[in-house]
Structures are given as C-alpha cells and as structure tokens.
There are 2 protein chains.
Amino acid sequence: MNSKFKNIHQVISSYIEISDAEWSYYSSMLQLKVIKKKRIVLSEGNICREVFFINKGLLRIFFVDNNGEEKTFHFALENTFATDYKSFLKEVPSNYSIQAMEDTEVAVMSLEMVQIGYDKLKYGEKLGRLLAEDYFFMFNDKIQAMYTQTPLERYKNLTTSFPEIFQRVPQHLIASYLNISSVHLSRLKNSD
Amino acid sequence: MNSKFKNIHQVISSYIEISDAEWSYYSSMLQLKVIKKKRIVLSEGNICREVFFINKGLLRIFFVDNNGEEKTFHFALENTFATDYKSFLKEVPSNYSIQAMEDTEVAVMSLEMVQIGYDKLKYGEKLGRLLAEDYFFMFNDKIQAMYTQTPLERYKNLTTSFPEIFQRVPQHLIASYLNISSVHLSRLKNSD
DNA sequence: TTTTAGCGATAACAAATGTTATCACTTTAG
DNA sequence: CTAAAGTGATAACATTTGTTATCGCTAAAA
C-alpha cells in the first residue's frame with residue numbers, strides 16, 4: 001500500500017467500508033503530483049478535469065467578478081478535496097481558477113476514476129453521496145454566515161477556527177475571502 | 001398509481017431509472033399533506049423530521065440572525081424539495097424555520113423512507129448522490145452570486161429568472177432574501 | 001547586492017446601505 | 001362593517017464599506 005495515499009485512504013474509510021483489495025485496486029489509479037507555489041492548476045473557462053486531494057500544502061479557489069477583480073471563494077486545506085465539482089462532473093467550462101499558495105502535494109483523481117468508483121466499488125455511490133452531502137453542508141454554513149454575520153464577525157471566526165491561515169496566505173486574499181476590501185480588513189483588525 | 005404523486009415521480013425519474021414496481025412500493029410510503037398559508041412546519045431548534053416535495057404552493061426557509069431578525073434563505077417552489085437537509089439526515093436541531101407562503105400541497109418523506117430508498121431501491125444511493133450534487137450546485141451558484149453581484153444585480157436577476165415571485169411574496173421578504181433592508185430594495189426598484 | 005514587486009497600515013473622501021419615522025393604501029381579523 | 005395589522009414608498013440621517021493615494025517595510029528577482 002503506497003504510503004503517499006495513506007491520508008486519502010483514511011478519509012475515504014471514514015465515509016465507507018472499503019476492503020484492502022478494493023483499495024489497492026482503486027488507489028492504483030491515483031496519481032501523485034507536486035504543485036509549485038503560485039502555480040495555477042485550473043483556469044477559468046477550462047473544463048476541470050481533476051479532483052485534488054491535498055496531502056500537504058494549500059490551494060486557493062477563486063473567480064473573477066464583473067469588475068475583473070479576483071474573489072477568493074475557498075482555501076482548501078490538508079486532507080480535503082479541491083475541484084470545481086460542477087465543471088468536473090458535468091464537463092462544462094469552469095468559473096473558477098485554482099492556484100497553489102504553497103508547494104502542494106496532491107493525489108489526483110480523474111473523472112473516469114470517479115465514475116469507476118461509483119460503478120465498481122461496493123459502496124461507491126454511497127461515498128459519492130456522503131461527500132456531496134458533506135460539501136453541501138459546508139456551503140450551507142457558508143451561506144448562513146454570509147447572511148447573518150458582519151465582516152468583523154466572520155474575521156473573528158476565522159481567527160479562532162483557522163488561526164494558521166494568517167501565516168499561510170497574505171492578508172489581502174483573506175479580505176477577498178471575507179468579501180471585503182483589503183483596506184477595510186486592515187481597519188477592522190486594527191480598531192479593536 | 002396515485003396521481004397526487006405524479007410530479008415527484010417525474011422528478012425522481014429524471015434522476016434515475018425506477019421501475020413501476022419499485023415506484024408503487026416506494027410511493028406507498030409517501031404522505032400527502034396540505035399546509036395552510038402562514039403555517040410554520042419546522043421551527044428553529046427542532047429536529048427536521050420531514051422532506052417536503054412541493055406539488056403546489058410555496059415554502060419559505062428562513063433563519064434568525066444575531067439581532068433577532070428573520071433572514072429568508074430560500075423560496076422553495078413547485079416541483080422542488082424543501083427541508084433542512086443537515087438537520088434531517090443527522091438528526092440534529094435545525095437553525096432554520098420553514099413556513100408556507102400560500103396554501104401548499106406537499107408530498108412528505110420521513111427519514112426512514114429516505115433510508116429505505118438508499119437501501120432498497122436499485123439506484124437509491126445514486127438518487128441520493130445526484131440530488132445532493134444538484135443542491136450543492138445550486139448553493140454554489142448562490143454563493144458565487146453573493147460574492148460577485150451587487151444587490152441591484154441580484155434583484156434584476158430575480159426579476160428575470162423568477163418574475164412571479166413578486167406577486168407571490170411580500171417585498172420585504174424578497175429584500176431579506178437578497179440580504180438587504182426593505183428600504184434599500186424599495187430605493188433600488190424606484191431609482192432606475 | 002541592488003532593484004523591483006508585493007504587502008499592509010493609514011488618511012481622506014465617496015458611495016452604498018442601514019435605521020428610524022411617517023404616510024397612504026390594502027388586506028385581514030373580529 | 002370596522003378596527004387592526006401588514007405593506008411599500010419616501011425622507012433624513014447615521015453607519016458601514018469601498019476607492020484612491022501614500023508610505024515604509026519585506027521578500028523576491030536580476
């Protein structure tokens with residue numbers, strides 16, 4: 001069993017039962033890649049052909065608004081998946097770009113591999129369902145936070161739920177993630 | 001075949017293959033209900049025990065922010081599902097309330113019924129996956145709209161994508177759905 | 001090493017949005 | 001039918017947030 005895929009094995013095992021035989025069959029389709037810092041692995045307008053599982057490092061998912069400004073949609077951390085799920089599954093052009101914020105080691109899955117998972121793994125469809133549900137819940141919480149919290153509250157929550165982020169990405173990207181200007185974030189930080 | 005469940009049958013059939021035998025078995029677990037206008041069918045803090053499929057009418061999903069003000073999260077229309085999916089699946093207290101905006105006819109599914117679907121229907125897990133994916137995509141679009149569009153743009157999009165809404169729900173609820181004050185929405189409307 | 005580009009704080013000002021109050025009009029409840 | 005509650009427009013004002021510009025500092029590139 002390739003130790004490089006230990007993390008993704010653990011995560012998948014937390015969702016479904018998967019036998020060693022199944023895993024050795026399935027994980028043989030995984031590809032390990034290292035993405036250099038600042039490298040863009042998906043550009044807006046292209047079809048997203050890969051799901052990245054992050055072993056180490058940090059990916060940033062962003063899109064460009066009507067004024068041509070980048071908005072950071074999500075920071076994808078270790079042991080989570082990163083992709084444009086819609087573009088990937090439906091094979092339509094993506095609205096998103098994905099960029100490495102650090103040298104990042106990922107396990108890569110293709111669409112073919114995911115579909116083989118649905119068809120051939122005993123609990124493949126269930127895995128797909130549970131993952132979609134979990135990411136759905138995550139988005140749900142994000143929307144609720146956008147509705148109910150002020151930028152200052154969102155900032156404070158971030159400092160408690162993920163303090164390392166401030167060491168790992170520049171502040172103006174955090175501002176864009178919070179959907180406020182960098183000047184405003186600086187003000188909020190230094191005013192209480 | 002009960003004609004009251006024709007709509008939900010069509011929607012499910014658009015996701016998966018389901019035989020007549022399977023459907024007559026499965027649909028026998030459905031319950032038809034009529035919800036009177038203004039009636040609240042889920043209150044914040046309670047566990048959501050039902051998924052509603054809307055035959056006719058309109059449900060409003062909302063939560064209460066830190067200042068005690070209602071925020072309208074979603075308007076659920078004919079031929080769509082409405083629930084707090086997280087509360088329902090995980091059996092945890094809900095952050096949401098659900099209220100009928102009109103006399104509303106729904107087909108009701110229990111958690112037990114949904115789980116039987118996963119286990120017993122040939123493509124039950126696949127149905128669950130595809131539904132979770134679709135609602136995930138919907139939330140994804142909603143987040144992107146919140147990041148990239150001004151309130152005026154969101155308002156205009158609503159007028160084109162769902163014009164009837166303005167006849168069916170009061171404007172101040174639309175304002176809360178757009179996440180702006182009712183005064184501000186009134187201004188936007190009457191200023192260009 | 002020496003530039004150059006990126007980053008974050010700050011000030012001054014502008015624009016967007018919220019708050020409160022009032023009013024006319026409708027719908028609903030008794 | 002009548003009173004009460006709900007609804008939407010509007011004005012005046014307050015607050016939040018964005019924009020532009022500047023500056024010093026640091027990190028990256030030549």
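Letters A, B, ... mirror the listed sequences (proteins, then strands); counts begin at 1.
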Within less than 4.0 Å of OP1 or OP2 of [N], is there a side-chain N or O belonging to [X]?
X	N	value
B:Gln171	D:dA9	yes
B:Lys189	D:dA9	yes
A:His172	C:dG6	no

With nearest nucleotide decided by heavy atoms, which residue, B:Lys37 or B:Pro151, maps closer to the 5′ end of DNA chain C?
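The answer here is B:Pro151.
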Find which nucleotide of DNA chain C each of A:Phe166 and B:Glu69 is nearest to by heavy atoms, and output the residue with the more 5' nucleotide.
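By nearest-heavy-atom nucleotide position, the 5'-most residue is A:Phe166.
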Identify whether B:Tyr177 and B:Met138 are in the same connected component of the hydrophobic contact network (ILVMFWY, side-chain heavy atoms under 4.5 Å).
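Yes; tracing contacts between hydrophobic side chains, which count when under 4.5 Å, links both residues.
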Round to a whole Å and report the spacing from [atom1] of [X] to [atom2] of [N].
X	N	atom1	atom2	answer
A:Ile174	C:dC7	CD1	P	12 Å
B:Lys38	D:dG6	NZ	C1'	8 Å
B:Lys71	C:dT17	NZ	P	13 Å
B:Asn190	D:dA9	CG	P	5 Å
B:Leu185	C:dT19	CG	C1'	16 Å
B:Leu188	C:dT17	CG	C1'	9 Å
B:Ile180	D:dT16	CD1	P	18 Å
B:His184	C:dA15	NE2	P	15 Å

CD (B:Glu112) with more than 12 external heavy atoms under 6.0 Å
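It does not: B:Glu112 CD has 12 such atoms or fewer within range.
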Around atom CD of A:Glu17, are there more than 12 heavy atoms from other residues, nucleotides or ligands closer than 6.0 Å?
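Open.
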Residue of the set A:Asn140, A:Asp141, A:Asp134 for which side chain to side chain donor-acceptor pair (under 3.5 Å) holds with B:Lys86
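One option only clears the test, and that one is A:Asp141.
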Mapping B:Val183 and B:Pro170 onto DNA chain D by nearest heavy atom, which one lands closer to the 5' end?
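Final value for this comparison: B:Pro170.
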Report yes or no: is there a donor-acceptor pair, N or O only, under 3.5 Å between the side chain of A:Arg187 and the base of C:dG8?
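No, no donor-acceptor pair under 3.5 Å.
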If you measure from the Lys or Arg side-chain nitrogens to the Asp or Glu carboxylate oxygens, is any gap between B:Arg49 and B:Glu91 under 4.0 Å?
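Salt bridge present between B:Arg49 and B:Glu91.
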Just checking B:Asn67: base, sugar-phosphate only, or nothing, at a heavy-atom cut-off of under 4.0 Å?
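No contact.
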